[in-house]
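So that the names make sense, note that chain A is the first sequence line, chain B the second, and so on, each numbered from 1.
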2 protein chains.
Amino acid sequence: MSHKKFQKPTDAELEILQVLWAHGPSSVRFVNDQLNAIRKIGYTTTLKVMQIMVGKDLVNRNTDARTHIYEANVSEAETQSKLLENFLDTAFRGSATRLVMQALGNHQTSRQELAAIKNLIEKIENQE
Amino acid sequence: MSHKKFQKPTDAELEILQVLWAHGPSSVRFVNDQLNAIRKIGYTTTLKVMQIMVGKDLVNRNTDARTHIYEANVSEAETQSKLLENFLDTAFRGSATRLVMQALGNHQTSRQELAAIKNLIEKIENQE
DNA sequence: AATGATCTACGAATGATTTCGTAATGCAAT
DNA sequence: ATTGCATTACGAAATCATTCGTAGATCATT
């Protein structure tokens, strides 16, 4: 198993990863179209970022066909976990609790979701 | 009431805000000393960032005395809330629940804290 | 008032990210 | 094969954040 260190994706890279996570292996054209549904961004810009991501091992690229197909090489959960860790430190001074309480307090959260979280808490409580 | 749009503080700015939030109105010297307890950073670097923050209305500055006194002009809770919102969108596609579950799952959280969160959840549940 | 210490102001170097223009290549349809 | 279109590759400009050097002002001490 390799031991590459976690390269924090930039904002532009994260946008692209989200398309790949949501839709699976995709061409640059497809990713660019998805991004343009949200904001204007040039085709070659998207291409360039995706090429950089290959260099960072954030994505894999299949170059068999003329149109290259890109695939996420980092999992959504793992990436989120590491981004979260970083975010916790810089914005919340490491207090997961304050973050959680802020997240729950400020956002519409369904009854089901709340139940799921309570469930998780109870699991953690019983783990010790 | 004014309607300035939220200027996301940069990492360096956030470090400084955290000193101001923790200690109240402070001189550049004091803030710089606090930061240097954690990492090496030049005095004029800190000064420059704090001057930029005045331009962004992140801090207020009292220039009566020769040594200017800076004070946070954004609250910790409000700033965290907005950073969180932004982070939710970019990293978690807006799902507060997934973020919360990740935060609780991956971090040491004390029994007391878990209880506090459960408490909050019950309050939210009863609110509807 | 001269010296030294401390402070602010300013500008500019550095480095990272984002952006896109241009050129070259491959494919498809005539 | 030629034309036209979509794609990749490359490089460089534009932007942004971070860093600090230098100069000039203010203050305290002698």
* Asked: CZ of A:Arg61 versus C1' of D:dA9: gap in Å, rounded?
  -> 9 Å

* For A:Lys8 and D:dA17, what is the distance between atoms NZ and C1' respectively, to the nearest whole Å? -> 13 Å

* B:Glu71 and B:Arg61: CA distance, side-chain angles, deciding distance, salt bridge (Lys or Arg N to Asp or Glu O under 4.0 Å) verdict -> CA-CA 6 Å; B:Glu71 179 174 15; B:Arg61 174 168 59 169; over 6 Å; no

* Should B:Asn32 and B:Ser27 count as side-chain neighbours, where that means a heavy-atom distance under 4.5 Å? -> no

* Asked: Would you say D:dC20 has OP1 or OP2 under 4.0 Å from some side-chain N or O of B:Thr45?
  -> yes

* Salt-bridge test for A:Glu122 and B:Lys118: reply yes if a basic N is under 4.0 Å from a carboxylate O, no otherwise. => yes

* Measure from CG on A:Leu47 to P on C:dG21 and round the result to the nearest Å. => 14 Å

* For atom CG of B:Leu58 and atom C1' of D:dA17, their distance in whole Å -> 14 Å

* Asked: Is A:Gln51 near enough to D:dT8 that one of its side-chain N or O atoms lies under 4.0 angstrom from OP1 or OP2?
  -> no

* To do: Look at all strands and tell whether B:Thr44 reaches a base, only sugar-phosphate, or nothing, counting heavy atoms closer than 4.0 Å.
  => base

* Could you tell me whether B:Thr10 contacts a base, only the sugar-phosphate backbone, or nothing, with contacts defined as non-hydrogen atoms closer than 4.0 Å? => sugar-phosphate

* **N/O (side chain, A:Arg66) to phosphate O (OP1/OP2, D:dC5) under 4.0 Å** => no

* Structure fact -> Atom CG of B:Asp11 and atom C1' of C:dA16 are separated, to the nearest Å, by 13 Å

* Structure fact -> The answer to which of A:Ala65 and A:Thr46 contacts DNA chain C further toward the 5' end, by nearest nucleotide, is A:Thr46

* Can a side chain N or O of A:Lys40 be found less than 4.0 Å away from OP1 or OP2 on C:dC20? -> yes

* Distance, rounded to the nearest Å, where A:Ile52 contributes CD1 and D:dA12 contributes P -> 15 Å

* B:Thr63 side, atom OG1; B:Tyr70 side, atom OH - distance, nearest 0.5 Å -> 9.0 Å

* Looking only at side-chain N and O atoms, does A:Tyr43 come under 4.0 Å of OP1 or OP2 in D:dT8? -> yes

* Asked: Considering only heavy atoms from C-beta outward, does the side chain of B:Glu13 approach that of B:Leu58 to under 4.5 Å?
  -> yes

* Asked: Rounded to whole angstrom units, what separation is found between the CE atom of A:Met50 and the P atom of C:dC20?
  -> 16 Å

* Could you tell me the separation between the CD1 atom of A:Ile41 and the P atom of C:dT17, rounded to a whole number of Å? => 15 Å

* Asked: A:Arg29 side chain: which of D:dT7, C:dC7, C:dT19 is closest?
  -> D:dT7

* To do: Please determine if a side-chain N or O atom of B:Arg39 lies less than 4.0 Å away from the OP1 or OP2 oxygen of D:dT19.
  => yes

* To do: Answer with yes or no whether A:Lys48 presents, from its side chain, a donor or acceptor under 3.5 Å of a partner atom in the base of D:dG11.
  => yes

* **Listed nucleotide nearest any side-chain atom of A:Val28, set C:dC7, D:dT8, C:dT17** => D:dT8

